[in-house]
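Single-structure report; data block below.
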Amino acid sequence: RSNTMSQVVQTLSELSGFPADQLRTLICLLLAYPCAFFMKPMSPYPRLQHIYGILIGLAFSVWCLGPWAWTHSFVSSTIVYIILATFPFSHSRIVVFFFAMGYMCVSHIYRMYDDYMGWTLDYTGSQMVVTLKLISLAFNYFDGNRLDQQNVTPEMKKRAIKQLPSFLEFYGFIYFFPTFIAGPPMEISDYLSFINRSMFISYNKSVNNQKNNNAIPPTFIPTMITLGKALLMAPILVLASTVFSPSFLLTSTFQNLPLWEKILRIHLHASATRCKYYFAWFLTEGSCTACGMGYSGMDESKGVPRFERFTNAFPLKVEFATNVRSIASNWNIRVSDWLKNYVYLRLTPPGTRPSTINTLAVYATSAFWHGFYPGYYIYFFASAIATEIGKDMHRKIRPYFYNRKDGSPLQPYKLAYDVVGGGLLLWWMSYFNHSFFLLGLEQSLLFWRQFHYIPHILLIAAFVVVRFMLRAPRSSSSSSSSS
């Protein structure tokens, strides 16, 4: 049966032009939907849910990523569990952070050695998700038992756990099948509250369900809506793999285009490529919604349940963003939250404000997590600079577009500021985004030479001007706070 299925996938690959490994991943992401719906009736039986989720997750890993791909997640997870159970409590989270990231880094290096510049899907994709799960678990365990509880924020308390999960709970958390292959990461507190159904108390109180206080809300319609969003991305996904492939930017055809068309195509190619990620994230969000795990509380205005716990992107807010913060808040949301909670804020001592070092640490961690291709570091370094420019512009330039007396925006100047600034930002991010897609330094240099490195020069010049030469307006406190 396995050989027959592989032959079917290979035939579909030849007919469609899509790689066989990507088709297997797509099939697994779609199979997760009926598997997730079938998990709902198991909700009164926690052990059965754990076992079922583990088996499906392992089956997806074996068929999609290779017969032994699961061993990496199992070995690294088991070692982390032993560290948390045996190492001194005050240091275990740090040991876990460097071990999990180190294992991920070694995996990336081996992948580069084995398949340099390749996009073949293997265990490193799922291992990236597992890495974030393991590190968050270590910090959550620390927060639940640390002595200086006055330094534990409400957000930390919400995620904290007092004791380590059992082996069954732990591996159920690691191999939870809707998110194991393609993410996004999840919190151990969310997984446990889903299994014991305490997650759904707010829903049952809202609908006055006295018979079953832990019933899972209806999920079919919201699941189909999310699946529909994924299917809307499918045509763009095809274009991104053919007409708008980033590799086109390295061809002589692109080099001979007029400048205006080059500028336009840079953004179009980057935007189309991002649709691949939207497509995968909507698919995983839908399967999380199907089993009820995506429940995120009640919409009080409409009186209906919301399923946004695993929403990982708002495409329109990303593609029409007017500032760097808007992009970061609406793109790869779950990973952004992880970086904020376990890197950015953890490096900020109580009572102090985050500094530029925090921003650089976030982007450096993200780059290491992605791998060691130069394109990743180029993109994240440029993103860090753009983030700092955005902060300075928000503080030093934006207040001039607000009324200093009542804080109201000065139109149409404020609108023009947002449109022009947002357009330049999106183009700049798309320009550097191609380093991420092209991976190699040689490819990035070939791409940049066509623009004589002028975008790089302007980016650095903008940073120097807004950081060191401009001063914030004196009486801008009210307008800045209102903006």
Side-chain angles (χ1 to χ4, degrees), residues 32-33 35-50 52-53 133 136-137 139-141 143-144 149 152-163 165-166 169 172-173 176-179 183-227 229 281-282 284-314 317 329-330 333-338 340-341:
Y33 280 74
C35 292
F37 279 124
F38 190 66
M39 192 178 193
K40 285 185 67 178
M42 303 178 191
S43 58
Y45 311 101
R47 287 180 176 271
L48 182 59
Q49 282 185 292
H50 292 311
Y52 177 78
K133 286 183 178 182
S136 66
L137 170 64
F139 277 94
N140 296 155
Y141 183 51
D143 290 337
Q149 286 294 311
V152 180
T153 66
E155 186 66 24
M156 291 178 181
K157 289 181 179 178
K158 186 175 72 173
R159 303 168 187 257
I161 56 173
K162 291 288 186 180
Q163 60 184 21
S166 66
E169 292 171 333
F173 166 62
F176 184 64
F177 65 88
T179 65
M186 58 193 290
E187 300 285 342
I188 183 64
S189 56
D190 289 342
Y191 177 74
L192 294 177
S193 65
F194 164 69
I195 294 296
N196 63 31
R197 294 185 289 170
S198 61
M199 176 185 289
F200 308 112
I201 291 177
S202 62
Y203 164 72
N204 289 284
K205 284 183 177 180
S206 178
V207 299
N208 197 24
N209 187 351
Q210 299 179 355
K211 293 182 178 179
N212 184 359
N213 195 39
N214 294 322
I216 300 177
T219 61
F220 182 77
I221 292 178
T223 298
M224 292 300 105
I225 292 174
T226 306
L227 178 60
K229 293 177 182 179
W281 290 337
F282 278 136
T284 57
E285 180 188 348
S287 58
C288 289
T289 299
C291 66
M293 180 67 170
Y295 175 73
S296 56
M298 295 295 295
D299 185 334
E300 300 299 337
S301 62
K302 298 179 180 179
V304 297
R306 292 182 292 110
F307 293 89
E308 299 175 349
R309 191 178 299 274
F310 287 94
T311 298
N312 210 31
F314 292 100
K317 292 182 179 180
S329 300
N330 296 288
I333 296 171
R334 298 290 295 186
V335 174
S336 295
D337 286 346
W338 186 95
K340 174 186 175 182
N341 291 309

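We count residues from 1, following the sequence as given.
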Output, in order, the C-alpha distance, side-chain angles, deciding distance and verdict of side chain to side chain contact (heavy atoms under 4.5 Å, CB included) for Leu192 and Glu169.
-> CA-CA 8 Å; Leu192 294 177; Glu169 292 171 333; 3.9 Å; yes
Shortest non-hydrogen separation from [X] to [Y] and the atoms involved:
X: Pro185; Y: Val335; answer: CD-CG2, 4.0 Å
X: Pro41; Y: Phe38; answer: CD-O, 3.1 Å
X: Ala36; Y: Ser287; answer: CB-O, 3.3 Å
X: Lys317; Y: Asn330; answer: CD-OD1, 3.3 Å
X: Trp338; Y: Ser136; answer: NE1-CB, 3.8 Å
X: Asp190; Y: Arg334; answer: OD2-NH2, 3.9 Å

In residues 299-307, what donor-acceptor pairs under 3.5 Å come from side-chain atoms, sequence neighbours left out?
| residue | atom | partner | partner atom | Å |
| --- | --- | --- | --- | --- |
| Asp299 | OD1 | Ser301 | N | 3.2 |
| Asp299 | OD1 | Ser301 | OG | 2.6 |
| Asp299 | OD1 | Lys302 | N | 3.4 |
| Arg306 | NH1 | Ser296 | OG | 3.4 |
| Arg306 | NH1 | Glu308 | OE1 | 3.4 |
| Arg306 | NH2 | Ser296 | O | 3.1 |

At what distance, to the nearest 0.5 angstrom, does [atom1] of [X] lie from [atom2] of [Y]?
X: Arg309; Y: Ile333; atom1: CZ; atom2: CD1; answer: 14.0 Å
X: Phe173; Y: Lys133; atom1: CZ; atom2: NZ; answer: 5.5 Å
X: Asn204; Y: Met298; atom1: CG; atom2: CE; answer: 9.5 Å
X: Leu48; Y: Ser43; atom1: CG; atom2: OG; answer: 10.0 Å
X: Thr289; Y: Phe220; atom1: OG1; atom2: CZ; answer: 13.0 Å
X: Glu285; Y: Thr226; atom1: CD; atom2: OG1; answer: 4.5 Å

N/O donor-acceptor pair under 3.5 Å between [X] side chain and [Y] backbone:
X: Asn341; Y: Asp337; answer: yes
X: Thr219; Y: Ala290; answer: yes
X: Tyr52; Y: Cys35; answer: yes
X: Lys162; Y: Gly144; answer: yes

Is the shortest heavy-atom distance from the side chain of Thr311 to the side chain of Trp281 under 4.5 Å?
-> no
Tell me, do Pro178 and Thr284 make a side-chain contact under 4.5 Å, heavy atoms counted?
->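 A side-chain contact is absent here, since even the closest heavy-atom pair is not under 4.5 Å.
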Output, in order, the C-alpha distance, side-chain angles, deciding distance and verdict of side chain to side chain contact (heavy atoms under 4.5 Å, CB included) for Thr179 and Phe310.
-> CA-CA 9 Å; Thr179 65; Phe310 287 94; 4.1 Å; yes
Check against side chain to side chain contact (heavy atoms under 4.5 Å, CB included), Cys288 and Phe194 = CA-CA 11 Å; Cys288 289; Phe194 164 69; over 6 Å; no
Does His50 have its ring centroid less than 6.0 Å away from the ring centroid of Tyr191?
-> yes
Who pairs with Lys157 by side chain to side chain contact (heavy atoms under 4.5 Å, CB included), at least two apart in sequence or on another chain?
-> Gln149, Val152
Report the residues that fulfil side chain to side chain contact (heavy atoms under 4.5 Å, CB included) with Ile161, sequence neighbours left out, ordered by chain and then residue number.
-> Leu137, Asn140, Tyr141, Pro165, Ile188
Carefully, step by step, assess Phe176 and Met293 under the rule side chain to side chain contact (heavy atoms under 4.5 Å, CB included).
-> CA-CA 10 Å; Phe176 184 64; Met293 180 67 170; 3.9 Å; yes
Can you tell me if Ser189 and Lys158 form a side-chain donor-acceptor pair at under 3.5 Å?
-> no
Step by step, would you call Ser202 with Tyr295 a side chain to side chain donor-acceptor pair (under 3.5 Å)?
-> CA-CA 10 Å; Ser202 62; Tyr295 175 73; 2.7 Å; yes
